Protein chains: 4
Amino acid sequence: MAEVSDIQTRIQEAARIIIARYGVNNATIQAIVEEAGTSKGALYHYYRSKNEVLYDVMDASLKESTRVAQKMHAGARPDEVLHYITSGLDERFDKVDENRLQFYLAHEAMLGNKELKSKFARKYDEWIGRVEEMLLGIYGVPETSLNRAIAAAAIATVDGMVMQDLLGVGIISKEEALKVWEIILYKVLPFILEDIHKQELMDGKTKDR
Amino acid sequence: MAEVSDIQTRIQEAARIIIARYGVNNATIQAIVEEAGTSKGALYHYYRSKNEVLYDVMDASLKESTRVAQKMHAGARPDEVLHYITSGLDERFDKVDENRLQFYLAHEAMLGNKELKSKFARKYDEWIGRVEEMLLGIYGVPETSLNRAIAAAAIATVDGMVMQDLLGVGIISKEEALKVWEIILYKVLPFILEDIHKQELMDGKTKDR
Amino acid sequence: MAEVSDIQTRIQEAARIIIARYGVNNATIQAIVEEAGTSKGALYHYYRSKNEVLYDVMDASLKESTRVAQKMHAGARPDEVLHYITSGLDERFDKVDENRLQFYLAHEAMLGNKELKSKFARKYDEWIGRVEEMLLGIYGVPETSLNRAIAAAAIATVDGMVMQDLLGVGIISKEEALKVWEIILYKVLPFILEDIHKQELMDGKTKDR
Amino acid sequence: MAEVSDIQTRIQEAARIIIARYGVNNATIQAIVEEAGTSKGALYHYYRSKNEVLYDVMDASLKESTRVAQKMHAGARPDEVLHYITSGLDERFDKVDENRLQFYLAHEAMLGNKELKSKFARKYDEWIGRVEEMLLGIYGVPETSLNRAIAAAAIATVDGMVMQDLLGVGIISKEEALKVWEIILYKVLPFILEDIHKQELMDGKTKDR
DNA sequence: CATGAATGAGCGTTCATTCAT
DNA sequence: GATGAATGAACGCTCATTCAT
């Protein structure tokens, strides 16, 4: 039924390749249809505009991100999760084109693209929720009012590191970044979560919701 | 004597506004000069090309960032620095336009603008160095091989949080973010630096250089 | 099947007309496509740049000139050739637009257009060679070291006369010009070639190569 | 009274230099006033438009041509005249920039510039008249109805040769060209004028006017 | 369904010309 | 008189989009 290599799919993949290879600014319709081995007319048969093509690429890209996130279910032991995260980060740093694409999408979203913005919001929501679960599952601490904020901060750190990488800052290597994450995962997070928990018990606080 | 609102300044400010409002791609010469209330010819009297306008905006924007960073010299006590950082972060989250501008410029740099990229690289280098100094100054620990990586990670975290904010992710509020930073500054960083230092002593390592 | 008036042809003809009418400098893309009754986009579909349009016009114009020249193959008797040349000159003086076009293109070449210059150089080379052959064929004299120079001088004379005509100097009429050519062809050239040949024999010279 | 180095003169000389050095297309007002060491405003004080500047340069250029022509008064012996002509041609071939300028002016005239056209007409008139006088003076033949046409043809040949030179045709060297002129002056012209004269006597013709 | 020739608004840039100082 | 900052029309060129075939 579903053709594996139908024209729409070929266009989407071509767009992804062209953006990755030449950047979004040079991703012209002409370049995309040439890469896809089809014609402008065909493209406009499946898409209403160039933006729709980009949205499609973006959808696929965000779905892929989510797919990766879903692999990190609340596994049992920290070392397993560390392994997931480590290899995940490893991969993410290597996917230069994918990262560039994501930043392009973020750019578009910031410019006021409502649909994109809500997609991003959902994506981050899912990511952050998943990391929060992991915090609970791995470190076995009860919820604190800051678990969610800490999860968001962790994700922010990854995004920021990737951005530095794309900008060619080159001050910390992937290896150093992974060492820092090792410390965060093995030492900082257990320490901090325990600390917050104690603090909140002393304050007589229970979880906010 | 010195004109406060000479044409070049007006062009630069107009470019800032247009980029922040519509993104780099839509910051056309026409849009900029209209916003500045001047003409294309005047723009090309002061700048050789559109890129030069971008560089100028970038320079001004990064200088502003640096100005903020410079206030955080290696002051004596952590609580003072915390205060600086907290208020600095506070400010940064509020400067939506400035943040957007920086992300748009970063995006342009990622897309292959070599000069912009090297400007960013230099700037991050400076920021990271400054934060590294602060780590030493505040926490009084000797250098570890990861100080630089930790400084970079801290900056990455801020950038990532700002990005989430710009994307309207809205999962964590500014208040929560600042609480997280309080914990990082008061507890995590002293803990982690001490820990790494001990570890490196045990490994017989001395500082690398 | 073969469209007589396809867009590319219309563009080329329009360019010829515009250049002949207003000169190369005023032959803007806009003017050409308006004359051709088409659009800029169509022009750029067939040509990569404005220069390519110029080259195409040039090529067509020079081919037309060559077509005329080719009719003057080394025919047997001087009176036949004279007839060809006379009618050829006649035609050339009448083709005001074509002449103007060639002068405008030559002007552009002189101003530094390398490709145009080399096209002209090749074309003159061919013309001069052809006239040289005619000198040999008609007057039956052996080669002298100056045959080529004399051929070039003959062509130069035609060009110069055409230029005077285009400039409206109006001192000599076409009829007078043709009479002069009659004398050159019937009397001067046989005389001069014979004279040079004798001279070179006396000097113990043989043909140079 | 007349300032030797007043601004107008400096502008004219600068324009001449710039056109010679970079071609007419690159002879911008900016380049000219920079070369002249003055300002745009000053230029527009002395000239109504850029074209007027060019006309001024042209006037000087054509006057210079005439000045050269005037040196070739109907001198006594052919060898003297040959010397003048030879050195004159020699010079003309070397003045590449001057020649380019003249062809630019011719271009402008052909485009319909009435004033320029009449200047050219006068210049050619003078040149041709002078050459005609020379023909009479040197070769001592009475006027024939074609003297004027032959003079015009001689000038046309020079112009055509110079054009070939500017186009980089490079088939005949300056040396070869001068040899051809030697033959023309010493042999062809005496022969042809005598021949025409005889012919006209036989036809019972006298000079037309 | 698919094609690619055709469109034209819009881009960055140039430069002759003007005019307040 | 002299200056050069400012103007804006016009340039060559790009490319998302349309539509006859």
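Reminder, nothing fancy here: chain letters follow the sequence lines and each chain counts from 1. If you're wondering where the values come from, they're calculated on a predicted model, not measured in any experiment.
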Audit row: C:Q102, C:K95, side-chain hydrogen bond (donor to acceptor under 3.5 Å, both in side chains) steps and yes/no: CA-CA 11 Å; C:Q102 293 247 354; C:K95 286 180 181 170; over 6 Å; no

Aromatic ring proximity, centroids under 6.0 angstrom, A:H107 and B:F103: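 Aromatic pair excluded; centres sit 6.0 Å or further apart.
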
E:dT21: pairing nucleotide in any strand, Watson-Crick or G-U under 3.5 angstrom: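 The answer is F:dA2, by the H-bond criterion.
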
Exceeds 12 heavy-atom contacts within 6.0 angstrom, atom OH of C:Y46: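 Count over threshold, so yes.
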
Within 6.0 angstrom of C:Y55 OH, more than 12 heavy atoms from elsewhere: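 Atom OH in C:Y55 is packed in, count exceeds 12.
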
Rounded distance in Å between the P positions of F:dT21 and E:dC1: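 Between the two P atoms, the distance is 22 Å.
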
Position toward the 5' end of DNA chain E (nearest nucleotide), B:Q30 or C:G41: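 The residue closer to the strand's 5' end, by nearest nucleotide, is C:G41.
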
Let me know the distance between [atom1] of [X] and [atom2] of [N], rounded to the nearest Å.
X     : N      : atom1 : atom2 : answer
A:I11 : E:dC1  : CD1   : C1'   : 12 Å
B:E34 : E:dG10 : CD    : C1'   : 13 Å
D:I32 : F:dG4  : CD1   : C1'   : 17 Å
B:N25 : E:dG10 : CG    : P     : 16 Å

B:Q8 side chain reached by B:D56 side chain, heavy atoms, under 4.5 Å: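 Yes, close enough: below the 4.5 Å cut-off.
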
Selection from E:dT13, E:dA16, F:dC15 that lies nearest to any side-chain heavy atom of B:I29: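 Closest nucleotide among those given: E:dT13.
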
Interface with DNA chain F, restricted to residues 42-60 of chain D and to heavy atoms under 4.0 Å: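 Residues of residues 42-60 of chain D under 4.0 Å from DNA chain F: D:A42, D:H45, D:Y46.
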
Side-chain-base donor-acceptor pair under 3.5 Å for A:K40 and F:dT18: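 Absent.
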
Phosphate OP1/OP2 of E:dT7: any C:T38 side-chain N/O under 4.0 Å: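 Affirmative; the distance criterion is met.
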
B:I17 side, atom CD1; B:I32 side, atom CD1 - distance, nearest 0.5 Å: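 Going from CD1 on B:I17 over to CD1 on B:I32, the span is 11.0 Å.
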
Touch class at under 4.0 angstrom, heavy-atom based, for C:T28 against every strand present: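 Sugar-phosphate, backbone atoms only, no base.
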
Single hit among B:K119, B:K123, B:R122 for salt bridge (Lys or Arg N to Asp or Glu O under 4.0 Å) with B:D59: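 Result for salt bridge (Lys or Arg N to Asp or Glu O under 4.0 Å) with B:D59: B:K119.
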
